[in-house]
There are 4 protein chains.
Amino acid sequence: MNNDKKNEKQKQILLTAMNLFANKGYHQTSMKEIADVCEMSKGGLYLYFKSKEDLLLMILKYHFQMLDDQYVLVEQDPHLNIKEKFTKQMEISLKHAIEYEEFNNMRMQETIVDLENEAIHQYIQQKNIEMMQWWEKYLIGIYGEEVKPYCLDCMVILNGMILMFMKVLKIENLPIDTVEFTEYILRQLDYIVEGVLKDKEKPLIDGSLWSSKQGGLYKEKQHPLILIKKMKDQITQLPKEDRVEEALQSLGIMEQELMDMNPRKAIISGMIRNLLGIQELVEMTRELSSVLKSDIEM
Amino acid sequence: MNNDKKNEKQKQILLTAMNLFANKGYHQTSMKEIADVCEMSKGGLYLYFKSKEDLLLMILKYHFQMLDDQYVLVEQDPHLNIKEKFTKQMEISLKHAIEYEEFNNMRMQETIVDLENEAIHQYIQQKNIEMMQWWEKYLIGIYGEEVKPYCLDCMVILNGMILMFMKVLKIENLPIDTVEFTEYILRQLDYIVEGVLKDKEKPLIDGSLWSSKQGGLYKEKQHPLILIKKMKDQITQLPKEDRVEEALQSLGIMEQELMDMNPRKAIISGMIRNLLGIQELVEMTRELSSVLKSDIEM
Amino acid sequence: MNNDKKNEKQKQILLTAMNLFANKGYHQTSMKEIADVCEMSKGGLYLYFKSKEDLLLMILKYHFQMLDDQYVLVEQDPHLNIKEKFTKQMEISLKHAIEYEEFNNMRMQETIVDLENEAIHQYIQQKNIEMMQWWEKYLIGIYGEEVKPYCLDCMVILNGMILMFMKVLKIENLPIDTVEFTEYILRQLDYIVEGVLKDKEKPLIDGSLWSSKQGGLYKEKQHPLILIKKMKDQITQLPKEDRVEEALQSLGIMEQELMDMNPRKAIISGMIRNLLGIQELVEMTRELSSVLKSDIEM
Amino acid sequence: MNNDKKNEKQKQILLTAMNLFANKGYHQTSMKEIADVCEMSKGGLYLYFKSKEDLLLMILKYHFQMLDDQYVLVEQDPHLNIKEKFTKQMEISLKHAIEYEEFNNMRMQETIVDLENEAIHQYIQQKNIEMMQWWEKYLIGIYGEEVKPYCLDCMVILNGMILMFMKVLKIENLPIDTVEFTEYILRQLDYIVEGVLKDKEKPLIDGSLWSSKQGGLYKEKQHPLILIKKMKDQITQLPKEDRVEEALQSLGIMEQELMDMNPRKAIISGMIRNLLGIQELVEMTRELSSVLKSDIEM
DNA sequence: CATGAATGAGCTTTCATTCAT
DNA sequence: GATGAATGAAAGCTCATTCAT
């Protein structure tokens, strides 16, 4: 099969799957269904995508590519000033978000994907950074340098706004006029920027913190309670000794603490230290520690 | 097993499941996993919750109850003016939303629940309506009657904002100071309200469209006994007939039953059915019915 | 896999399942067992039959098709007179019934199928009606119009006879000669027809009742309390659900009220209305309602 | 607890369970349900019956006792002649069969009980023999010695008739008048006896064969196809040799043959003989052989 | 290249039975 | 004696993935 034809097919699958994911959700859509709609065999899908997760990743990439292509056209249009470019691009985003609603949810929330898939996670992460830069560039371009500290706040507020409006309008089955919607959103942006600039208030999100984020390696992250359960299992295999007893106790205490609404960091770190003294658990303890560091701020 | 212990266990499962649902998603969490973390057998879960969906519903109810309990305390505090009440309740909401992040996601988006389950769907729907009423009441109380058309817009914008901020702050592992966060959010509200009122722009969500879906304007939820009193008043205006006599009797019986500690559902629903036969009361009966449905689970 | 092979496999599963159902009963045969005997995986079965019930239905259809095919051949044979056709078809039926004993049990008694499955129930129903028509046609053809009122009786008697003989002969491990068996059965039919025609006795099953299936059934008027007791009995047979609980409560309340000197009509009619919502009780509730209407003036 | 009270309770459970079994079927009734209706705990049931099967057996015994008690009264009544006794007892049987319909099904068909339970099987067997004797005694008493060879036939025919009538009348919801029903049934008996005596035809069931039946030991009988599967599994564990290959082939052939509608005995017994030559399978082969002997007549 | 039959682990749920209280 | 919480095996069913054809 020549490459063109293969690409054609791949795209068809992509669009179909996207459609299905958008309407039924990722986990609720089966490969069989996708195959059926594509009028091909289940096995056939695996010629183009090596797994369901890969398919999802490709969908994300396809969408972002689609958006980027359109953005670039606007970007390079010499007849538009910066505000117009911003408006046009926002319009493109909204139009796309409306058309591919679930795609928007995915990227805005990562709710659908279990965090186990590193590739997807990283990709979305990267795109989020790009989005941040995009906002910064335009907000500064439009409202001036003084808006810089508030860029992240604005981005978050606007995105949240959009997400929620779309949710509500979708549920209520109300039609959305993209242009009108864009204008509305941008007006809100005006109000907010005007407000924050006037009051010189402290931004909620500190940009420096944000940017410091590093990808780092991504290990299949386990839920701490499950991890503790495993550690308990492992430790009960050991011959009964005082240190074993103590370790079990430490685990129990940590479990209780984590169940609480406000786990006390001191308790947690104390127990971690206790457990680090147990040779046999050292590795799992380290994993637990790292998991906890991102779950509760430690 | 005494009731206390049973409740204890039920709560433990609830908290565990909530925790897992929140982090892995509803569909991605298996009953086995919940059972494992609770250190009990799969079958055991079913002694406390009759299905996975039931478990989810109970989690939702548990949370809303928790919130409602706190709201009421603020509501009834005579030392607070309306703006302070609004602020305090917003603070409570945010605190809760931060602590139980995924719970907030669930209710704000219904992403997790497949729409097949009527009970859950309806419950969330109902809670959303209550939330709408809450916003309307307070926004009008604070900003005056002229803000009325924009209430829905404001609610949506604020909720979206909050949702997204929490998402980002969570991902970035940044600490959130609830009070500061509340102030921030309320300031944004100020900017927006100020803006829309100044420009007299058209709201994005037309309240009449929305509300038409619910049939009936949003009224503050009335207490059933008061409602019954009103119905009695109305019916005594009518010419004396047998059906009137019977309706009065039905109302009396229902009143008595509701006064009881454990009103019997059968009596209540029977009387409701009787009253539905009375043309003149049909609307009020419906309201009564809906109020009762959330007061005692029917 | 080509269609032939697929059909082959399907048939193999069919035969295997039939065999197992026949010997262990439908509910006592698990899909795993069927899969094991077929030397395939559990999941594999579901490629051929979409559920266990579907498998059962297919078995029934397969058998009836097999029978119908043979019947038609006889039916269309120009060299046979009516008595010969009857004999031949009876022979076919018996042969089949002997070979697939439990199939025969299923269709004759519906013991195996829980009534929840509409499709299966209806299919058997329809086949029973066809059987009835078959008997009527042949009995009248052979014995004349005067046998018409006794057709149903004869069918029932003969079928019962056959069923029981097969049961006994199977249990006793005795060989059955189909031809001899047929002759024997037909001879019994002769004796019975001869008998009933001679005595002009009243048939046990009134064909008009059967076919119309409408109750011109005269029932003795029952005392409401007894009726309530019966309803309680019936309802406790149902799987426990909320609606069942509520119905029981309604019945309890009504009972108490009726015991009172001056039963309040509102209570009574309310409870009646509650019960009318319970499908399974609708008939008895109507009866109760009509009884009460004349007992206390309502 | 004194014995009286214990017996009382036992009887209550018995009656309740009977009722449930009768209406929902044995396997479809859970111990919890029985406990609930008896208003006792699940565990409590096990104080009175050591298992669900035991409970079933007790039910059967209770019913037969109930019937026997009534029979004896008639038997000993000096004012009744033999025909009257027969009629009276038949009436008792029918009345009981109507009242406890599913009990009748159980005993007439053994459909409900999986054959694995030896005690129940044997008990029913014994009761069937008693029934046989009862019929013989009365038929000879009424119609004379010449009816003796036809007793079994008559019993089977009558029982089949009754079973099927009850089924149909139940399904059609028609009321049954016991006396009328008895008369009807006995009239049919007259026709048949008259017929067979006149024609001196050969009875279908040879009494001598029947009676020769001995209980014998009862080993948990396995389905032949499952047994073959097991043998295949076991034999594939052995080192590959010619004799192993051959044994596998023999098993395969036998499997195919058994799937056929008319398995050829010669093939079956040939394969059995082949397999008896395989040391490792000798025991299972014997079991298979014995199972087959009762499944297909060999 | 393409198929779709087959797998097998996993899902939610049920239930007879046990046993600490 | 009596309870009912707990178990654990087994049920019917789904589905991502593989692989012989």
Side-chain angles (χ1 to χ4, degrees), chain A residues 1-2 5-6 9 26-36 38-56, chain B residues 1-3 5-6 9-10 27-35 38-55, chain C residues 1-3 5-6 8-10 26-35 38-55 239, chain D residues 1-2 5-6 9 26-36 38-55:
Chain A
M1 186 183 264
N2 62 39
K5 218 170 158 185
K6 177 152 181 165
K9 199 116 196 177
Y26 174 74
H27 287 293
Q28 278 60 60
T29 303
S30 74
M31 292 300 265
K32 169 124 189 44
E33 239 166 326
I34 298 170
D36 280 354
C38 292
E39 287 181 335
M40 66 192 307
S41 67
K42 253 185 309 170
L45 293 179
Y46 286 84
L47 296 173
Y48 300 96
F49 304 94
K50 70 176 193 293
S51 72
K52 196 182 175 187
E53 281 188 338
D54 183 50
L55 174 52
L56 175 58
Chain B
M1 190 181 261
N2 59 37
N3 248 9
K5 214 167 163 188
K6 179 150 183 167
K9 196 120 198 175
Q10 205 165 30
H27 286 297
Q28 279 55 65
T29 303
S30 73
M31 293 301 265
K32 169 140 188 29
E33 237 168 327
I34 298 169
C38 293
E39 294 190 73
M40 65 194 307
S41 67
K42 254 182 309 165
L45 293 179
Y46 287 85
L47 295 172
Y48 298 95
F49 302 94
K50 70 177 191 291
S51 71
K52 195 182 175 188
E53 284 187 337
D54 182 51
L55 175 52
Chain C
M1 190 182 263
N2 59 36
N3 248 9
K5 214 168 161 189
K6 178 150 182 166
E8 194 58 35
K9 195 119 197 173
Q10 204 165 32
Y26 174 74
H27 286 297
Q28 280 55 64
T29 304
S30 74
M31 292 302 264
K32 169 137 187 31
E33 237 167 328
I34 297 171
C38 291
E39 293 190 75
M40 64 194 305
S41 66
K42 251 184 312 167
L45 293 180
Y46 288 86
L47 296 172
Y48 298 95
F49 302 94
K50 68 177 193 294
S51 71
K52 196 183 175 187
E53 283 187 336
D54 182 51
L55 175 51
Chain D
M1 187 182 265
N2 61 39
K5 217 169 162 187
K6 178 153 182 165
K9 199 118 197 175
Y26 174 74
H27 287 292
Q28 278 60 61
T29 303
S30 74
M31 292 300 266
K32 169 123 189 45
E33 243 167 322
I34 297 170
D36 280 355
C38 291
E39 288 180 334
M40 67 192 307
S41 68
K42 253 186 310 170
L45 293 180
Y46 286 85
L47 296 174
Y48 299 96
F49 303 93
K50 69 176 193 291
S51 72
K52 196 181 175 189
E53 281 186 338
D54 183 50
L55 174 52

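Just so you know, these numbers come straight off a predicted model, no measurement behind them. Below, chains carry the letters A, B, ... as their sequence lines are ordered, and counting in each starts from 1.
When both pairing distances are held under 3.5 Å, dA9(F) makes a Watson-Crick or G-U pair with dT14(E). Of the nucleotides present, dT3(E) is the one that pairs with dA20(F) by Watson-Crick or G-U wobble criteria, both distances under 3.5 Å.
Smallest separation of non-hydrogen atoms from Phe49(C) and Asp54(C): CA-OD2, 3.6 Å.
Note: Met31(C) CE to Lys52(C) NZ = 7.5 Å, rounded to the nearest 0.5 Å. Interatomic distance, Cys38(D) SG to Glu33(D) CD, rounded to the nearest 0.5 Å: 11.5 Å. We find the NE2-CD distance between His27(A) and Gln28(B) to be 3.0 Å, quoted to the nearest 0.5 Å.
Taking every side-chain heavy atom of Ser51(C) into account, dC13(F) is the closest of dA5(E), dA16(E), dC13(F). Taking only side-chain atoms of Tyr48(D), from C-beta outward, the nucleotide of dC13(F), dA2(F), dT17(F) with the closest atom is dA2(F). Nearest nucleotide to the side chain of Tyr46(D), out of dT3(F), dA16(E), dA2(E): dA16(E). Checking dG12(F), dA6(E), dG8(F) against the side-chain heavy atoms of Ser41(B) singles out dG8(F) as nearest. For Ser30(C), whose side chain is taken as the heavy atoms from C-beta onward, the closest listed nucleotide among dG12(F), dT7(E), dA2(F) is dG12(F). Closest to the side chain of Lys42(B), from the set dT13(E), dA5(E), dG10(E), is dT13(E).
In this structure, CD of Gln28(A) is placed 14 Å from P of dC11(E), rounded to the nearest angstrom. Atom CZ in Phe49(D) sits roughly 13 Å away from atom P in dA2(F) (whole-Å rounding). Whole-Å rounding puts the Glu39(B) CD to dA6(F) P distance at 13 Å. Asp54(B) has its CG atom 11 Å from the P atom of dT14(E), to the nearest Å. Separating the CG atom of Leu45(B) from the C1' atom of dG4(F) is a distance of 17 Å, rounded to the nearest angstrom. The separation between Glu53(B) atom CD and dT13(E) atom C1' is 13 Å, rounded to whole Å. In this structure, Leu47(C) places its CG atom 13 Å from P of dC15(F), rounding to the nearest Å. Summarising the geometry, the separation between CE on Met31(B) and P on dG12(F) is reported as 20 Å, rounded to the nearest angstrom.
Toward the 5′ end of DNA chain E lies the nearest nucleotide of Gly44(A), the other residue of the pair Thr29(B) and Gly44(A) mapping further downstream. Where Met40(C) and Gly43(B) meet DNA chain E, the nucleotide closest to each residue was compared, and Met40(C) sits on the side nearer the 5' end. Mapped onto DNA chain F by nearest heavy atom, Lys32(C) and Lys32(A) fall at different nucleotides, with Lys32(C) at the one closer to the 5' end.
A side chain to side chain contact (heavy atoms under 4.5 Å, CB included) with Leu55(B) is found for exactly one of Ile34(B), Leu45(B), Thr29(B), namely Ile34(B).
Between Lys9(C) and dA6(E) there is a side-chain polar atom (N or O) within less than 4.0 angstrom of OP1 or OP2.
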